[in-house]
Amino acid sequence: MAGALAGLRILDLADQTGALAGKLLADLGADVVLVEPPGGGRLRAIPPFWQGLPHPERSLFFWFYNTSKRGITLDITRRAGAALLRRLAGDADVLIETEPPGRLAALGCGPDALRATNPRLTVASITPFGQRGPYRDWRGSDTVAEAMGGMLFVNGHKDGPPLRALGLQAYHQAGVFAAVGVLAALFAREQTGRGQDVDVSLQAAVAAALEHVPGLWHQHGTAATRQGTLHWTRYFRVGRCLDGWVMHCTVGDWTSLVEWVKADGMAADLGDPAWEDVRHRATGAEHLFDVLDAWAARYTVEELVSGAQLRRIPYAAVRAPEALLRDPHLADRSFFVPIEHPELGLTVPYPGPPFHLTDAPWRIARRPPLLGEHNAEVYGRIGVADAELATLRQEGIV
Amino acid sequence: MLPLAGVRVLDFTWVVAGPVATRILADLGADVIKVERRNAMDFGDRRGGLSGTLMRGKRSVVLDVNRPRGLELARRLAAVSDVVIDNFSARVMSNLGLAYEDLCRLKPDVICVRMTGFGLTGPDRDHVSYGPTLQALTGYTLLMAEPSGPPAGFGYSYSDLAGGNLGALAVLAALWHRRRTGRGQLVDLAQLEAVASLLGPTLLARALDGGTSAPVGNASQEEPGAPHGVYPCAGDDRWLAITVFSDDDWTRFAHALGDPEWTTRFGTRAARIEHSAELDALVAAWTRTRVAEEAMAVLQTAGVAAGVVANAEDVCARDPQLAARGHFVDVPTPEGRTVRIDGPPFVLSETPARVGGPGPLLGEHTDEVLGELLGLRSEEIAELRAVGAVG
C-alpha cells in the first residue's frame, strides 16, 4: 500500500539539524532524495558506528535519520553543481535545507531563484535562529538551542546544573515543525498554485515545546525552576523500589492508592481526608512522596507498577531506553521494524512509527542510501546522460 | 487564505498532549471545536497563560456526552466534521459509541485520531499514563542525569509536546491522503511510541550493540567535542551553553578568550575530549566572572556556538531574537483584556499561520456552534440546557 504522501518529490539538503524532517516525510511515503556533498554529509562521520568502526556506511547516526530516502551526491558550491540543483528543483515539490541564512541565495539557489523556474516549489529552511532577527547569523547546536529556547534551565536537580535532553530534541522538534510546515504549505498550494518558504528556528522550536514555562510567566510572572524529578504540577516524583526506580503519581485513583498503602500499614497520615483534595496533595507533595517512598521501598518495581495499573493508578517503571527492545507491548505492536542491510549481512531493528495510519501505513521503504547510490537514476530522470554524469563525476561535482 | 481553511476538527482532547496537536491545526486555519464537560479541568485563566496557549483560536462547546441527548449532539457534530480527535484511554470513546467504526457510519471519510498513552492494541492498551510516566518508561528520566547520578529527567511533560506535535503531523498526513484518495482513516497514535520515536540514534545503537545506556550529563550527543555543556556565569543560577566540535571551532574559541597560554594544550579534538574535565574547569573559570549575555556575545561574535541558559523571563521578556520573530503574540479578549501567548512555531512566507483568538471560555461557543452547524434554534438550545445536555 502506498504511503500517505506518495507522489511528493522532496530534495533534502539538510544536515543533522534538520534530517528528521525528511525522514518523517519519507517514512510517510514521500520520495525524498538526500543530496550530499561528494565526500558524504556530516552525519556519516557522527558516531556510533556499526561494530565501533568509523566508516561513512556504518554510522548508526546517519542510518537513523535517513530511512526511506534515496541518495545522490552533488557539490552545490561549484557553478555546475548549483546548476544541477536548479534542474533537480525544477520538478520537485519541496526542498529542505539547513544552510546559514542567505548561503543558498549566494550560490544562485535561493528560494526565489528556484521558484523562477518552479513556482510550485516549497522551501523549508531550518537554522539555529531563523531567517530574520538580530541573531540570524549566530551559530548553534542542539545544546545551544535547548539552552536559548528555555528547555535546559528547568531540567535537573535543584542544586545541580541545568541538564540537556536525551536525544537531540531541539533538532527533533524543528524536524517535526518543518514537516508540519511543509504539509501546510502544500495545502496552501492547492489554493494558490504557488510554493512558499517555511522558516523554522531551532530556538523557537524549543520555545514552542516548553509546556508550562511561558504560560506561567505570562500569567503569574513566575519563572519555573529546576526541581529534580518533582514535576512542576507536583503530582509526580521518582521513588526507589527494591530493585530500581519508579515514577509515583498522585492524580490517578487516590482512594485506591491510599487503601493499598493502608493495607500495608505504611500510610502514616495519608488517611486524613484532607489529602482527598488534589490541590492539598500538590501543596504537601514533599511529605506525601516521602511517605510513598518509604512504602515503595518494600516492593520490586514490577510488583508496584502492576499493582498500581490494576487499580488504574498511573505508575511506571523508570527504565533505560533498551528496555523498550524487550517490552512485550511494543513487540505485540511490532514497533521495531527489521530492515535488511545486505552489504553488511545485517538486519537492523529500526525504531518504528510515531503513529499508525491505518489506510496508508507508515513504513520504512528502504534502508538508508549508500553514498551516491541513486545518482544514475535520479540524474537520469532530469536528462543527464551517462556520459555527462561520468564527466561530472570526474570533475568531482557528483 | 489559510492552509486548513474549510477543515473542521471535532476536538475531544484534554490536559496537554491533545490540545497541543489541535492548536497547530487552529493556527493553520482549521475550525477547531472543543467539546468539553461542564467541570472541565484547565490551568487557570482560560484566555491566556498555559490554558490560553493550549486552547488558542478554538471554539468551546459544553456537552454532557453521558446523557443521550448530549451524546446525540456530539454525533451530529461528528457527522459534519473532517477530523475527530481525542486523547483519552483506549476504551473511553468506544464506550461512548464514538469509536472509528461508529464515526464512519456518520461520515464515511472521517479521519479519526486516537491519541492514547499506549495505543489501541497490545497487552498494555488499557494502562493509564501521563507525560512523566511515559518519559520514565522510554528512558528519558533515567538517562537525563549527571554521569552515575540519580535520575532527573525533564522538569515537565515533554512527552505531551512530542506526542501533540506529531499528532498534528498525523492529521495533516491523513488529510493529504484523503485529498488524494477520497478516503478517511483511523490514526492510532500511542504517545509512548511517539516519544520513543524521538529518542533518536541511541535506541538504534542499543538494538544493535545489546549494550547498556548510561547518563552522559551535558556531553555532546552529536559530533564528539569539548568543551561542550553549560558553564556557570556571574549572578544567581546563570549559565552559558557552549559547543565546540572541530579544531576550527576551537581556534575561534581560544581567540575569543584572548588566546591564553593554557589553550595551547588543547589544540586537537582528541586532546580536548581526553582532558575534558580539566578543560571544563578552565572554561568555567573564564565564564564564572562574566555576565552570561556578555560572554555569549563575545563568543558568538567570534563565531562560536554559545547561548544563555534561558529562564522563563529570558525567553518571554528579554530575548531579542524571539521578540523579532514575533514568537509571542498579544491577543485581545472579548472582555477588553490583552493576553500574551505562544504564537505558531514556524513561519510560512505567503500564508502564515496565526493565532486565531485567545483561549475560549468554557462553553463560550455552545449556542453559536449548535446554531451554525446543526441549525438549532435558541428555544431548542435553551431546552437542552434546561435538561443538562448542553452547557
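Note: hydrogens, waters and symmetry copies are ignored here, and every other heavy atom, side chains too, is used. Labels below follow one simple rule: chain letters A, B, ... track the order of the sequence lines, proteins then strands, and each chain is numbered from 1.
Both the backbone and the side chain of Asn165(B) have a heavy atom closer than 4.5 Å to some heavy atom of chain A. For Leu186(A), the parts sitting under 4.5 Å from any heavy atom of chain B are the backbone and the side chain alike. Of the atoms belonging to Arg132(A), heavy atoms from both backbone and side chain fall under 4.5 Å from chain B. Glu190(A) touches chain B through its side chain: at least one heavy atom from C-beta onward sits under 4.5 Å away, while N, CA, C and O do not. When heavy atoms are compared at a cutoff of 4.5 Å, Ala324(B) approaches chain A solely by way of its side chain, counted from C-beta outward. Of the atoms belonging to Ala6(A), heavy atoms from both backbone and side chain fall under 4.5 Å from chain B. Proximity to chain A (any heavy atom under 4.5 Å) is shown, for Arg340(B), by both the backbone and the side chain. Proximity to chain B is limited to the side chain of Val238(A), based on heavy atoms less than 4.5 angstrom apart. Proximity to chain A (any heavy atom under 4.5 Å) is shown, for Ala205(B), by both the backbone and the side chain. For Leu324(A), the part lying near chain B is the side chain, with the backbone staying farther off; criterion is any non-hydrogen pair under 4.5 Å. In this structure, chain B has heavy atoms under 4.5 Å from both the backbone and the side chain of Val251(A). For Tyr65(A), the part lying near chain B is the side chain, with the backbone staying farther off; criterion is any non-hydrogen pair under 4.5 Å. In this structure, chain B has heavy atoms under 4.5 Å from both the backbone and the side chain of Leu166(A). Residue Glu211(A) touches chain B through both its backbone and its side chain, counting heavy-atom pairs closer than 4.5 Å. Only the side chain of Leu325(A) comes within less than 4.5 Å of a heavy atom of chain B; its backbone N, CA, C and O stay farther away. Heavy atoms closer than 4.5 Å to chain B are found in both the backbone and the side chain of Trp232(A). For Arg47(B), no part lies under 4.5 angstrom from a heavy atom of chain A. For Pro349(A), the parts sitting under 4.5 Å from any heavy atom of chain B are the backbone and the side chain alike. The contact between Trp50(A) and chain B is made entirely by side chain atoms (from C-beta outward), counting heavy-atom distances below 4.5 Å. For chain A, the nearby part of Val230(B) is the side chain; its heavy atoms alone come within less than 4.5 Å.
A salt bridge is absent between Arg178(B) and Asp359(A): the closest approach of a Lys/Arg side-chain nitrogen to an acidic carboxylate oxygen does not fall below 4.0 angstrom. Arg333(A) and Asp188(B) are joined by a salt bridge, as a carboxylate oxygen and a charged side-chain nitrogen come within less than 4.0 angstrom of each other.
Of the residues considered (Leu189(B), Thr243(B), Leu172(B), Val315(B)), Leu172(B) shows the highest number of contacts with chain A, using heavy-atom pairs under 4.5 Å. Your options are Pro352(B), Ala194(B), Gly167(B), and the one with the most heavy-atom pairs under 4.5 Å with chain A is Ala194(B). Counting heavy-atom pairs closer than 4.5 Å to chain A, the top-ranked of the candidates Val308(B), Asp209(B), Thr53(B) is Val308(B). Interface check for chain A: of the options Val20(B), Leu175(B), Ile111(B), the most heavy-atom pairs under 4.5 Å are formed by Leu175(B). Between chain A and the options Gly155(B), Ser51(B), Ala241(B), Ala174(B), heavy-atom pairs under 4.5 Å are most frequent for Gly155(B). With chain A as partner, the option from Leu28(B), Thr202(B), Leu198(B) having the largest number of non-hydrogen pairs under 4.5 angstrom is Leu198(B).
To the nearest 0.5 Å, atom OH of residue Tyr140(B) and atom CG of residue Asn155(A) are 12.5 Å apart. In this structure, Leu210(A) CG and Ser157(B) OG are separated by 12.5 Å, a value rounded to the nearest 0.5 Å.
At distances below 3.5 Å, at least one donor-acceptor pair connects side-chain atoms of Gln185(B) with backbone N or O atoms of Thr358(A). Judged purely by atom type and a 3.5 angstrom limit, Ser197(B) has no side-chain atom pairing as donor or acceptor with the backbone of Pro353(A). Gln196(A) places a side-chain N or O within 3.5 Å of a backbone atom of Glu350(B) that can act as its donor or acceptor partner. Without hydrogens or angle criteria, Arg319(A) side chain to Leu137(B) main chain gives a donor-acceptor distance under 3.5 Å.
Looking at heavy atoms from C-beta onward, Ser201(A) lies out of side-chain contact with His327(B) at the 4.5 angstrom threshold. Residues Asp249(B) and Arg139(A) have side chains in contact (heavy-atom distance under 4.5 Å, counting atoms from C-beta outward). Looking at His177(B) and Leu357(A), their side chains never come closer than 4.5 Å, going by heavy atoms from C-beta outward. Annotation: side chain of Pro351(A) is not in contact with side chain of Leu199(B) (no heavy-atom distance under 4.5 Å). In this structure, Leu192(B) and His329(A) have side chains that are in contact, with non-hydrogen atoms separated by less than 4.5 Å.
The two atoms that bring Ala179(A) and Leu169(B) nearest to each other are CB-CD1, 3.8 Å, heavy atoms only. Heavy atoms only, all atoms of each residue included: Phe153(A) and Ala310(B) are closest at CB-O, 3.2 Å. The two residues Ala184(A) and Leu348(B) make their nearest non-hydrogen contact at CB-CD1, 3.9 Å.
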Using residues 214-223 of chain B as the side-chain source, report each donor-acceptor pair under 3.5 Å to any protein atom, sequence neighbours left out, with the distance given to one decimal.
unit_1    : atom_1 : unit_2    : atom_2 : d
Asn218(B) : OD1    : Arg164(A) : N      : 2.8
Asn218(B) : ND2    : Pro162(A) : O      : 3.0
Ser220(B) : OG     : Glu222(B) : N      : 3.1
Ser220(B) : OG     : Glu223(B) : O      : 2.5
Gln221(B) : OE1    : Gly167(A) : N      : 2.7
Gln221(B) : NE2    : Ala165(A) : O      : 3.0
Glu222(B) : OE1    : Gln16(A)  : NE2    : 3.3
Glu222(B) : OE1    : Tyr171(A) : OH     : 2.9
Glu222(B) : OE2    : Asp142(A) : N      : 3.2
Glu222(B) : OE2    : Tyr171(A) : OH     : 2.9
Glu223(B) : OE1    : Arg269(B) : NH1    : 3.3
Glu223(B) : OE1    : Arg269(B) : NH2    : 3.4
Glu223(B) : OE2    : Arg42(A)  : NH2    : 3.0

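A side-chain N or O of Tyr158(B) and one of Gln173(A) form a donor-acceptor pair less than 3.5 Å apart. A donor-acceptor pair shorter than 3.5 Å can be found between the side chains of Gln203(A) and Asp319(B). No hydrogens or angles considered: a donor-acceptor pair under 3.5 Å links the side chains of Ser213(B) and Glu322(A).
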Kindly determine whether Phe328(B) and His218(A) satisfy ring pair (Phe, Tyr, Trp, His ring centres under 6.0 Å), including the steps that lead there.
CA-CA 10 Å; Phe328(B) 299 105; His218(A) 292 314; 5.0 Å; yes
May I have the step-by-step check of salt bridge (charged side-chain N to carboxylate O under 4.0 Å, His left out) for Asp126(B) and Arg312(A), ending in yes or no?
CA-CA 9 Å; Asp126(B) 290 325; Arg312(A) 310 285 299 159; 5.6 Å; no
Phe187(A)/Trp176(B) under ring pair (Phe, Tyr, Trp, His ring centres under 6.0 Å): CA gap, chis, key distance, verdict:
CA-CA 8 Å; Phe187(A) 278 106; Trp176(B) 188 261; 5.4 Å; yes
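Applying the salt bridge (charged side-chain N to carboxylate O under 4.0 Å, His left out) rule to Arg114(B) yields the partners Asp86(B); only residues at least two apart in sequence or on another chain are considered.
Ring geometry for His212(A) versus Tyr156(B): interplanar angle of 30 to 60°, hence tilted.
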